[in-house]
Q: 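Take a look at this one; I'll ask things after.
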Amino acid sequence: MGLLAYLKTQFVLQLLLGFVFVVSGLIINFIQLLTCVLWPFNKQLYRRINTRLSYSLWSQLVMLLEWWSGTECTLYTDQATVERFGKEHVIIILNHNYEIDFLCGWTMCERYGVLGSSKVLAKHELLKVPLIGWTWYFLEIVFCKRKWEEDRDTVFRGLDRLKDYPEFMWFLLYCEGTRFTEKKHQISMEVAESKGLPKLKYHLLPRTKGFTTTLKCLKGTVSAVYDVTLNFKDHQVPTLLGIINGKKYLADMRIRRFPVDEIPEDEKECANWLHKLYQEKDALQEHYHKEGTFPGPTITPPRRLWTLLNFLFWATLLLSPLINFACGVVVSGSPLLILGFSLFLIIASIAIRRLIGVTEIKKTGSSYGDEGAKKQN
């Protein structure tokens, strides 16, 4: 292990990274709160400002992936599709198998200029998560409880508001509803069998309601659906803790573009289209497990300096006073001050660990297979 790799595993450095993210996030959330006064007078200006504020926060996570861990993302797609990236409103369908699949999606958003304006259909519990949920709230992210009777009006209103969004947006959908685990897969395939649907090997049965509703509400706004199938070289199982420890992963993403005009408008036919799409995704994963690659030409978009520069700005702004204060505490020799500062570090480390816990597969839950869930699809 080289010196740099060793330093990346040290708790103190990781704590400083977390400190910069948390404190800068709180500052950004406060500024976002202040921008609310713009909404009644100039909604589009409010949106443009918040797009850039959210970029300043999310790009710090992308920086960890690209610059701290050095993870590489290779796209398997054609040049004609790549040339449309960042130039149209689209719906993204991404498989939900890994703790960092959202980060791989975000790094593609960043490289094509739509990170700040990226959207997601998020579970309502995330609204209560500091920084993540708060930032998403100001970005007009659509939150749902995954109970259609309760979500119907909220989802329709939220999606309708996005029709005039001034920046090109990539709207991410995890149609499986939750991350893949063996237990969830078993339950999901029991549901598939009860409905007479083909079984999937590498995915959960997609929940069609969210996709058909999003497509219907954003018809005339989004011009295409991007199907993204993600996997990692050498059977790697990436985690956010691995990224923080500086571990490098090799991500492969197979991207296919489907014009909205080619997707059926009828809800039942649209749901069947989605089921067929997931059967194709399953076949792509089978190919990857056998060959170690996806079919098609490859493109590796270069990482941009903006994520690194943004982090260095916040680190310079926030770490200098923190280090000066820490030195002052040590020099003072005051047991009370030293104890207070130590307590602060402990609380900060626990808070950061809890934020990381939001991404962990073993801590994600799903009602898939319950009677309520079955009624939704």
Q: Measure the shortest side-chain to side-chain distance between L64 and F21 over non-hydrogen atoms and say whether it is less than 4.5 angstrom.
A: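 They are not in side-chain contact.
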
Q: In terms of side-chain heavy atoms, does T51 have a donor or acceptor partner in Y165 at a distance below 3.5 Å?
A: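 There is such a pair between these side chains.
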
Q: Between the side chains of Q279 and D282, does any donor sit under 3.5 Å from an acceptor?
A: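 The answer is no; no qualifying pair exists.
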
Q: Which residues pass the side chain to side chain contact (heavy atoms under 4.5 Å, CB included) test with K219, not counting sequence neighbours?
A: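 Only V260, E265 meet the side chain to side chain contact (heavy atoms under 4.5 Å, CB included) criterion with K219.
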
Q: Answer yes or no: is there a side-chain heavy-atom contact under 4.5 Å between T229 and Q285?
A: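 They are in contact (side-chain heavy atoms under 4.5 Å apart), so the answer is yes.
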
Q: What's the verdict on side chain to side chain donor-acceptor pair (under 3.5 Å) for E66 and T107, showing C-alpha distance, side-chain angles and the deciding distance?
A: CA-CA 8 Å; E66 295 181 340; T107 192; 2.3 Å; yes

Q: Show your reasoning for whether salt bridge (Lys or Arg N to Asp or Glu O under 4.0 Å) applies to E167 and R52.
A: CA-CA 11 Å; E167 311 260 344; R52 284 145 185 83; 3.0 Å; yes

Q: Aromatic contact between W170 and Y226, with the criterion being ring centroids under 6.0 Å apart: yes or no?
A: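 Yes; Y226 has its ring centre under 6.0 Å from that of W170.
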
Q: Apply ring pair (Phe, Tyr, Trp, His ring centres under 6.0 Å) to the pair F180 and H185, showing each step before the final yes or no.
A: CA-CA 7 Å; F180 184 101; H185 181 252; 5.1 Å; yes

Q: Taking the side chain from T9 and the backbone from Y6, do they hold a donor-acceptor pair closer than 3.5 Å?
A: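 Yes: the side chain of T9 pairs with the backbone of Y6.
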
Q: To the nearest 0.5 Å, tell me how far L16 CG sits from L322 CG.
A: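 If I round to the nearest 0.5 Å, the distance is 6.5 Å.
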
Q: For C217 versus K163, what's the shortest heavy-atom pair and its separation?
A: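 Smallest interatomic distance, heavy atoms only, reads O-CE, 2.6 Å.
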
Q: Under the salt bridge (charged side-chain N to carboxylate O under 4.0 Å, His left out) test, which residues partner D78, sequence neighbours left out?
A: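 With sequence neighbours excluded, D78 shows a salt bridge (charged side-chain N to carboxylate O under 4.0 Å, His left out) to no residue whatsoever.
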
Q: Taking K8 for the side chain and L4 for the main chain, is one N or O donor matched with an acceptor at less than 3.5 Å?
A: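 Absent.
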
Q: For the hydrophobic clusters of this structure (ILVMFWY residues joined by side-chain heavy atoms under 4.5 Å, transitively), does one cluster hold both L197 and Y202?
A: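 Different hydrophobic clusters.
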
Q: Report the distance from atom CG of L103 to atom SG of C109, rounding to the nearest 0.5 Å.
A: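 Between atom CG of L103 and atom SG of C109 there are 11.0 Å.
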
Q: Can you measure from NZ (K209) to SG (C144) and round to the nearest 0.5 angstrom?
A: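 Here the rounded value is 13.0 Å.
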
Q: Using modelled atom types and a 3.5 Å cut-off, is there a donor and acceptor pairing between side-chain atoms of S59 and backbone atoms of V62?
A: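 Checked: no pair found.
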
Q: Taking the side chain as every heavy atom from C-beta outward, state whether D160 and R157 have any atom pair closer than 4.5 Å.
A: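 Side chain of D160 against side chain of R157, heavy atoms only: no contact under 4.5 Å found.
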
Q: Strictly below 4.0 Å, N to O, side chains only: are E262 and R257 in salt-bridge contact?
A: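 No.
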
Q: Side chains of W134 and L33: closer than 4.5 Å at any heavy-atom pair?
A: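 Not touching, per the 4.5 Å side-chain cut-off.
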
Q: Would you give the length of the straight line joining atom SG of C175 to atom CG of N95, rounded to the nearest 0.5 angstrom?
A: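 Between atom SG of C175 and atom CG of N95 there are 11.0 Å.
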
Q: Identify which one of D164, N42, T35 satisfies the side chain to side chain donor-acceptor pair (under 3.5 Å) criterion when paired with R47.
A: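 The residue from D164, N42, T35 that satisfies side chain to side chain donor-acceptor pair (under 3.5 Å) with R47 turns out to be D164.
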
Q: Do S188 side-chain atoms and L205 backbone N/O form a donor-acceptor pair below 3.5 Å?
A: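 Confirmed, S188 side chain pairs with L205 backbone.
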
Q: Restricting to salt bridge (charged side-chain N to carboxylate O under 4.0 Å, His left out), what partner residues turn up for K216, sequence neighbours left out?
A: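 So K216 forms no salt bridge (charged side-chain N to carboxylate O under 4.0 Å, His left out) with any residue.
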
Q: With clusters defined by side-chain heavy atoms of hydrophobic residues (ILVMFWY) lying less than 4.5 Å apart, directly or transitively, does L339 cluster with L15?
A: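 Result: no, two separate clusters.
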
Q: Connecting only ILVMFWY residues whose side-chain heavy atoms lie within less than 4.5 Å of each other, what is the rest of L336's hydrophobic cluster?
A: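 Result for L336 is none, singleton.
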
Q: T178 versus K184: any side-chain heavy-atom pair under 4.5 Å?
A: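 Result yes, sub-4.5 Å side-chain heavy-atom pair found.
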
Q: If I compare all heavy atoms of V82 with all of Y112, which pair ends up nearest, and what's the gap?
A: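 Smallest heavy-atom distance, with atoms named: CG1-OH, 3.6 Å.
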
Q: Taking side-chain hydrogen bond (donor to acceptor under 3.5 Å, both in side chains) as the definition, give me every residue that meets it alongside T71, ordered by chain and number, with sequence neighbours left out.
A: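 Applying side-chain hydrogen bond (donor to acceptor under 3.5 Å, both in side chains) to T71 gives S69.
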
Q: Step by step, would you call Q60 with S24 a side chain to side chain donor-acceptor pair (under 3.5 Å)?
A: CA-CA 10 Å; Q60 294 182 50; S24 65; 2.9 Å; yes

Q: May I ask you to say whether E140 pairs ionically with K119, meaning some side-chain N is under 4.0 Å from a carboxylate O?
A: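 Salt bridge: no.
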
Q: Let me check something: do L162 and V155 share a hydrophobic cluster, defined by ILVMFWY side-chain heavy atoms less than 4.5 Å apart, either directly or through other members?
A: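 As far as the 4.5 Å side-chain criterion goes, V155 and L162 are connected within one cluster.
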
Q: Any link between I244 and F11 through a network of hydrophobic side chains (Ile, Leu, Val, Met, Phe, Trp, Tyr) touching at under 4.5 Å?
A: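 Shared cluster, yes.
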
Q: Checking E269 now: which residues fulfil salt bridge (charged side-chain N to carboxylate O under 4.0 Å, His left out) with it, not counting sequence neighbours?
A: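 Not a single residue meets the salt bridge (charged side-chain N to carboxylate O under 4.0 Å, His left out) criterion with E269.
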
Q: For K281, give me all partners under salt bridge (charged side-chain N to carboxylate O under 4.0 Å, His left out), at least two apart in sequence or on another chain.
A: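 Salt bridge (charged side-chain N to carboxylate O under 4.0 Å, His left out) list for K281, sorted by chain: D227.
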
Q: Flag the pair R303 and E110 as a salt bridge only when some basic side-chain nitrogen lies within less than 4.0 angstrom of an acidic carboxylate oxygen.
A: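 No, no charged N to carboxylate O under 4.0 Å.
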
Q: Applying ring pair (Phe, Tyr, Trp, His ring centres under 6.0 Å), can you list everything that pairs with W39, at least two apart in sequence or on another chain?
A: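 Result, ring pair (Phe, Tyr, Trp, His ring centres under 6.0 Å) vs W39: Y46.
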
Q: Suppose we screen for ring pair (Phe, Tyr, Trp, His ring centres under 6.0 Å). Which residues come up paired with F168, at least two apart in sequence or across chains?
A: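 Ring pair (Phe, Tyr, Trp, His ring centres under 6.0 Å) list for F168, sorted by chain: H89.
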
Q: Can you see whether E88 engages S223 through a side-chain donor-acceptor pair at a distance of less than 3.5 angstrom?
A: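 Per modelled atom types, E88 and S223 side chains form a pair under 3.5 Å.
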
Q: Can we call the ring centroids of F258 and W273 under 6.0 Å apart?
A: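 Ring centroids of F258 and W273 are less than 6.0 Å from each other.
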
Q: Less than 4.0 angstrom from a charged side-chain N to a carboxylate O is my criterion; do K123 and D151 meet it?
A: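 Judged by the 4.0 Å cut-off on N to carboxylate O distance, K123 and D151 do not form a salt bridge.
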
Q: What residues form a ring pair (Phe, Tyr, Trp, His ring centres under 6.0 Å) with F138, not counting sequence neighbours?
A: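 With neighbours one apart ignored, the set is empty.
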
Q: Sort and list the pairs that fulfil side-chain hydrogen bond (donor to acceptor under 3.5 Å, both in side chains) and have at least one residue in residues 314-334, not counting sequence neighbours.
A: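 Of all non-adjacent pairs touching residues 314-334, those that pass side-chain hydrogen bond (donor to acceptor under 3.5 Å, both in side chains) are S56-W314.
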
Q: Does CD in E267 sit with more than 12 non-hydrogen atoms of other residues, nucleotides or ligands closer than 6.0 Å?
A: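 At most 12 heavy atoms, drawn from other residues, nucleotides or ligands, come within 6.0 Å of this atom.
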
Q: Answer whether the closest heavy-atom distance between the side chains of F85 and V90 falls below 4.5 Å.
A: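 No - every pair of side-chain heavy atoms lies 4.5 Å or more apart.
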
Q: Below 4.5 Å, heavy atoms only, C-beta onward: do L127 and W136 meet side chain to side chain?
A: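 Not touching, per the 4.5 Å side-chain cut-off.
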
Q: Verify, without hydrogens or angle tests, whether D101 (side chain) and Y98 (backbone) share a donor-acceptor contact under 3.5 angstrom.
A: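 The answer is yes, because a donor-acceptor pair under 3.5 Å joins these two groups.
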
Q: Please confirm whether the backbone N or O of K268 pairs with a side-chain atom of D266, one donor and one acceptor, at under 3.5 Å?
A: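 Yes; judged by distance alone, with no hydrogens or angles, the pair exists.
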
Q: Counting only pairs under 3.5 Å, give me each side-chain donor-acceptor contact of residues 289-297, with atom names and distances, residues two or more places apart or in other chains.
A:
none

Q: If I take atom OG from residue S117 and atom OH from residue Y55, how far apart are they, to the nearest 0.5 angstrom?
A: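 Rounded to the nearest 0.5 Å, the OG-OH separation comes out at 11.5 Å.
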
Q: Please report the C-alpha distance between Q14 and N245 in whole Å, then the side-chain angles of each, then the deciding distance to 0.1 Å, and finally whether the side chain to side chain donor-acceptor pair (under 3.5 Å) criterion is met.
A: CA-CA 8 Å; Q14 296 173 0; N245 282 319; 2.6 Å; yes

Q: Is it possible for you to say whether Y76 and I92 belong to one hydrophobic cluster, with membership spreading through side-chain heavy-atom contacts below 4.5 Å?
A: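 No; I92 is not reachable from Y76 via cluster members.
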
Q: Compare all side-chain heavy atoms of I28 with those of F30 and state whether any distance is below 4.5 angstrom.
A: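 Result no, sub-4.5 Å side-chain heavy-atom pair not found.
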
Q: More than 12 heavy atoms of other residues, nucleotides or ligands under 6.0 Å from NZ of K43: yes or no?
A: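 Result for NZ/K43: enclosed.
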
Q: For L204, is there any backbone N or O sitting under 3.5 Å from a side-chain donor or acceptor partner on E176?
A: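 Yes; at least one donor-acceptor contact below 3.5 Å.
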
